Amino acid sequence: MTTDDVRVRLRPVLDDDLEFFLAYEHDPEAVRRSRFTPRPREAFLRHWRERVLGDPSGLVRTVLVDGEVAGSIVAWWEGERRFTGYWLGRAYWRRGVGSRALALFLREETVRPLYADLFAENTASVRLLEKSGFVPADDDPEHPVDEGYVLLVLRGVSGTGAAAAYDPVTPNP
């Protein structure tokens with residue numbers, strides 16, 4: 001299936017989406033690639049309902065592919081820094097879904113600089129972010145990155161630079 005064969009859309013998260021997100025977070029290959037320990041169901045639901053959806057400063061979206069819940073993409077504040085992160089179900093990997101979802105999200109999330117910290121060995125996610133204009137962030141002793149992780153940053157104004165040059169959304173009106 002080519003990237004032109006799928007319709008990627010974002011919408012606000014519904015409570016029913018959380019069961020999909022939980023299943024995706026517990027996928028063994030996703031856990032290995034993200035180096036993230038999945039939460040038990042009740043802790044996961046509490047985290048999403050109280051901290052993610054309950055944060056009025058956050059931007060939280062469900063990623064839909066042809067109307068099906070494919071994952072989530074979010075932005076939140078950690079101190080003075082704005083971060084983004086996403087999680088897709090394995091069935092949606094290597095189909096251009098992440099690139100399209102991030103491009104759509106960056107049209108809504110206009111705060112710059114925008115940071116992403118991810119497991120360095122998750123090369124597909126590192127490449128996706130770099131194609132979208134993210135670059136390695138300067139070392140900052142006040143904000144150390146955990147060993148094995150990389151901190152990337154998207155600087156500048158939305159719609160300029162590499163992120164604008166690589167627009168995977170346009171072919172899919």
Side-chain angles (χ1 to χ4, degrees), residues 1-3 6 8-10 13 17-18 20-39 44 47-48 51-52 58-65 68-78 81-140 143-156 158 161-169 171-172:
M1 179 170 287
T2 68
T3 57
V6 296
V8 177
R9 296 288 178 259
L10 302 180
V13 173
D17 299 340
L18 300 181
F20 290 95
F21 300 169
L22 174 67
Y24 298 156
E25 183 177 292
H26 281 258
D27 179 279
E29 182 61 14
V31 169
R32 185 189 71 76
R33 288 180 183 223
S34 66
R35 201 172 169 189
F36 180 82
T37 303
R39 296 172 182 90
F44 175 89
H47 170 79
W48 265 88
R51 296 202 55 212
V52 179
L59 179 61
V60 186
R61 296 291 181 256
T62 294
V63 178
L64 299 172
V65 173
E68 300 294 321
V69 175
S72 63
I73 188 163
V74 301
W76 70 95
W77 288 101
E78 278 187 28
R81 289 184 173 183
R82 185 81 164 165
F83 280 84
T84 190
Y86 57 89
W87 199 286
L88 297 174
R90 192 188 322 189
Y92 303 99
W93 297 356
R94 294 182 294 278
R95 295 174 53 192
V97 172
S99 295
R100 285 205 176 148
L102 182 59
L104 288 168
F105 189 75
L106 292 175
R107 291 178 179 181
E108 284 188 78
E109 176 54 58
T110 59
V111 173
R112 303 294 184 268
L114 182 63
Y115 292 88
D117 60 340
L118 59 157
F119 185 45
E121 291 182 28
N122 188 348
T123 56
S125 282
V126 171
R127 277 193 314 268
L128 184 155
L129 289 161
E130 288 175 340
K131 282 191 327 185
S132 298
F134 285 76
V135 296
D138 298 330
D139 289 334
D140 182 351
H143 300 92
V145 178
D146 291 339
E147 185 175 333
Y149 286 77
V150 61
L151 182 65
L152 301 176
V153 61
L154 179 62
R155 299 189 189 280
S158 180
Y166 178 73
D167 183 2
V169 176
N172 189 5

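Heads up: numbering here begins at 1 and tracks the sequence. Predicted, not measured: the structure shown is a model, and the values here were computed from it.
- Rounded to the nearest 0.5 Å, atoms CG (Leu129) and CG (Leu152) are 6.0 Å apart.
- Trp93 contributes a side-chain N or O that, together with a main-chain N or O of Leu88, makes up a donor-acceptor pair within less than 3.5 Å.
- Listed for the Glu25 side chain is a donor-acceptor partner under 3.5 Å among the backbone atoms of Arg39.
- Atom OG of residue Ser125 and atom CG of residue Leu118 lie 6.0 Å apart, to the nearest 0.5 angstrom.
- By the 6.0 Å contact criterion, CD on Glu108 is enclosed, its count of non-hydrogen atoms from other residues, nucleotides or ligands being greater than 12.
- Taking the six-membered ring for Trp and thresholds of 30 and 60 degrees, Phe83 and Tyr115 have ring planes inclined between 30 and 60 degrees apart.
- For the residue pair Ser72 / Tyr24, no side-chain donor-acceptor distance below 3.5 Å is found, with atom types taken as modelled.
- Counting all heavy atoms, side chain and backbone alike, Ala30 lies closest to Trp87 at CB-CZ2, 3.8 Å.
- Here the shortest heavy-atom pairing between Arg82 and Leu59 reads NH2-N, 3.8 Å.
- Of the inter-residue distances, the one linking Leu151 atom CG with Asp138 atom CG reads 9.5 Å to the nearest 0.5 angstrom.
- Checked against a 6.0 Å centroid threshold, the rings of Trp48 and Phe21 count as neighbours.
- Closest approach of Ile73 to Val63, counting heavy atoms only: CG2-CG2, 4.1 Å.
- In terms of heavy atoms, Val126 sits closest to Ala120 at CG2-O, 4.1 Å.
- The two atoms that bring Ser99 and Leu128 nearest to each other are N-CD1, 3.5 Å, heavy atoms only.
- Within the 3.5 Å criterion, the main-chain N or O of Val74 finds a donor-acceptor partner in the side chain of Thr84.
- Ionic pairing of Glu29 and Arg32 is present here: one or more N-O contacts between side-chain nitrogen and carboxylate oxygen are shorter than 4.0 angstrom.
- Not a single donor-acceptor pair under 3.5 Å links the side chain of Arg94 to the backbone N or O of Arg90.
- Contacts of Glu147 classified as salt bridge (charged side-chain N to carboxylate O under 4.0 Å, His left out), with partners at least two apart in sequence or in another chain: none.
- For the pair Arg33/Phe119, no side-chain contact is recorded, criterion being any heavy-atom separation below 4.5 Å from C-beta on.
- Nearest heavy atoms, Phe134 versus Leu154: CD2-N, 3.5 Å.
- Applying the salt bridge (charged side-chain N to carboxylate O under 4.0 Å, His left out) criterion to Arg51, with sequence neighbours excluded, gives no partner residue.
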